[in-house]
Amino acid sequence: MKKSILLSFLTVIIPIFVQAQIVDKKSIVAKKAELVKVADGYSFTEGPAVHLNGDVYFTDQPNNKIVRWSATRNEVSVFMEESSRSNGMYFDKNKNLITCADLENQVVSIDEKGNIEVLIESFQGKKLNGPNDLWISPYGGMYITDPLYKRGYWDRDPEMQQDGEHLYFLSADRIQFFRVDESLVKPNGVVGTYDGKKLYVADIGDNKTYVYNIEEDGYLTNKKLFVEMGSDGMTIDHRGNVYLTGKGVTVFNPKGDQIAHIPIAENWTSNVVFGGAERKTLFITAMGSVYTLQMKVRGVW
């Protein structure tokens, strides 16, 4: 092989095989664990939510599907077609899959048979901008982010429906629905602690993530800057470490110090959750693929 041809060949193949290394300052990743691509070929994966049995459900939103990953078989299968364009998702205590369904800018509940119940369809007589992500507290209250990402499939006016992009709370009895922060630029990812005392919200429009105290009535107090980084989806582990997404997965301890970075060979990492029976499998959605990584730490749901 001529030298010029060899150099050209190397130029092509090197970027394919060179992968940035995981940075893990506090040994949260399992020893010798490697990132595994579980499945690909989707249009855009999002919204991973862990079922009580450890299976993870995620969305292929452009194709309007919810897909299930079996933790025991390490296989994926379609759970639901025509999912109302579900995006962020979370299981409630009754095993209903609660989703941000922005086909009609609603929040819906999907039971195990695929039946849909609309929980929220408007605020003060107007549609929401497009519910994006949610987290349900141990007491049943629900926090919902409502940024505006214009969708080509909307029949309605694609411009902003509310007077801004806000953070909302739905009470456990589903009666009270109100705003809990109107000062964010574009809220996106949201996650809370296992004890239900703190809430983390990513303002992706301002490249910041905040932490709040959660009050008994659902209102938020003592808002503080957590890190100078926004995020798409988020999760948390049993040590209180917070996992932010975007360029791979970046992990911060409860003080806001970066302790790990998991690079993903995709243009965007959209979301992350802990799955598996022991909640030690980090499940990552990124562009048209989904990945897993075995961890020492575990998830809390």
Side-chain angles (χ1 to χ4, degrees), residues 44-48 59 61-62 85-90 99-103 105-107 120 122-124 126-135 142-154 156-170 177-192 198-212 214 219-236 242-252 256 258 261 264 266-272 284-287:
F44 191 83
T45 57
E46 247 290 7
T59 68
Q61 194 189 32
R85 301 282 184 176
S86 290
N87 192 347
M89 307 192 296
Y90 201 93
T99 84
C100 293
D102 72 9
L103 178 64
N105 300 346
Q106 299 168 329
V107 176
I120 300 171
S122 64
F123 179 75
Q124 295 183 347
K126 295 181 179 179
K127 283 184 174 293
L128 295 171
N129 298 316
N132 185 274
D133 203 2
L134 76 155
W135 176 75
M142 186 184 309
Y143 293 90
I144 303 155
T145 59
D146 185 45
L148 177 64
Y149 293 102
K150 296 180 182 179
R151 308 300 191 187
Y153 46 76
W154 281 341
R156 58 98 160 165
D157 178 358
E159 299 306 319
M160 192 174 297
Q161 303 298 292
Q162 296 294 322
D163 61 3
E165 302 174 65
H166 305 307
L167 175 66
Y168 293 81
F169 176 76
L170 178 65
F177 181 51
F178 52 86
R179 293 173 179 171
V180 286
D181 194 338
E182 297 180 329
S183 65
L184 300 166
V185 177
K186 187 180 287 290
N188 196 311
V190 57
V191 71
K198 290 188 179 296
L199 185 75
Y200 294 88
V201 179
D203 188 348
I204 200 168
D206 199 26
N207 200 32
K208 292 178 173 61
T209 296
Y210 295 97
V211 59
Y212 309 74
I214 300 175
Y219 281 96
L220 303 175
T221 59
N222 198 28
K223 177 182 179 180
K224 293 181 179 179
L225 179 66
F226 177 59
V227 292
E228 291 273 2
M229 176 180 171
S231 183
D232 202 335
M234 307 162 64
T235 196
I236 197 167
V242 180
Y243 295 62
L244 306 186
T245 57
K247 295 297 184 181
V249 180
T250 307
V251 188
F252 297 87
Q258 183 176 329
H261 180 73
I264 308 293
E266 305 280 356
N267 290 333
W268 188 254
T269 301
S270 62
N271 217 323
V272 62
I284 304 163
T285 56
M287 303 300 291

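Since this is a predicted model, take the numbers as computed values, not measurements.
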Pairing donors with acceptors under 3.5 angstrom, does anything connect the side chains of S86 and T59?
no

Y143 and F169, any side-chain heavy atoms less than 4.5 Å apart: yes

Smallest heavy-atom separation, P131 atom then C100 atom, equals O-CB, 3.2 Å

Is it the case that the side chain of T245 and the backbone of G233 share a donor-acceptor pair, with hydrogens and angles ignored and the cut-off at 3.5 Å? yes

Check your understanding: Does CG in D157 sit with more than 12 non-hydrogen atoms of other residues, nucleotides or ligands closer than 6.0 Å?
Key -> yes

Per ring pair (Phe, Tyr, Trp, His ring centres under 6.0 Å), Y168 is matched among F123, F178, W135 by F123

Note to self: With a 4.5 Å cut-off on side-chain heavy atoms, are I264 and I284 touching?
What the structure shows: yes

inquiry  = Quick check: do K208 and E228 have side-chain heavy atoms less than 4.5 Å from each other?
reply    = yes

What one should report as the nearest heavy-atom pair of F44 and P62 is O-CD, 3.6 Å

inquiry  = When you measure from the side chain of T250 to the backbone of H261, do you find a donor-acceptor pair of N or O atoms at a distance under 3.5 Å?
reply    = no

Residues V227 and F252: closest non-hydrogen pair is CG1-CD2, 3.5 Å

Without swapping roles, check the side chain of K150 against the backbone of E159 for a donor-acceptor pair under 3.5 Å.
no

Any side-chain heavy-atom pair from T269 and D232 closer than 4.5 angstrom?
-> no

The reported gap from CG in L199 to OG1 in T221 (rounded to nearest 0.5 angstrom) is 11.0 Å

>> Does any part of the side chain of Q258, heavy atoms only, come nearer than 4.5 Å to the side chain of V251, both counted from C-beta?
In response: no

Exercise for review: Return yes if some donor-acceptor pair links the side-chain N/O of R179 with the main-chain N/O of L167 below 3.5 Å, else return no.
Suggested key: no

Worksheet item: Would you call L244 and Y200 a side-chain contact if the rule is heavy atoms closer than 4.5 Å?
Response: no

Is any side-chain heavy atom of V107 less than 4.5 Å from a side-chain heavy atom of L170? no

dist Q124:CD -> Q161:CD (nearest 0.5 Å) comes out at 14.0 Å

TODO: Go through the side-chain N and O atoms of N271 and E46 and say whether any donor and acceptor fall under 3.5 Å apart.
DONE: yes

Donor-acceptor pair, distance only, cut-off 3.5 Å: does the side chain of D203 make one with the backbone of K186?
yes

- request: Taking the side chain as every heavy atom from C-beta outward, state whether I204 and S231 have any atom pair closer than 4.5 Å.
  value: no

To the nearest 0.5 Å, atom CE of M160 lies from atom CG of L148 at 5.0 Å

Please check if the side chain of D146 supplies one atom and the backbone of E165 the other of a donor-acceptor pair under 3.5 Å. no

Keeping the roles fixed (side chain from T145, backbone from D133), state whether a donor-acceptor pair exists under 3.5 Å. yes

*Polar side-chain atom of Q162 near backbone of K126 as donor-acceptor pair, under 3.5 Å*: yes

Check: Any chance the side chains of Y149 and N188 put a donor and an acceptor closer than 3.5 Å?
Finding: yes

Is a donor on one side and an acceptor on the other found under 3.5 Å between the side chain of T209 and the backbone of M229?
yes

The single option from K127, Q61, R85 that satisfies side chain to side chain donor-acceptor pair (under 3.5 Å) with D102 is Q61

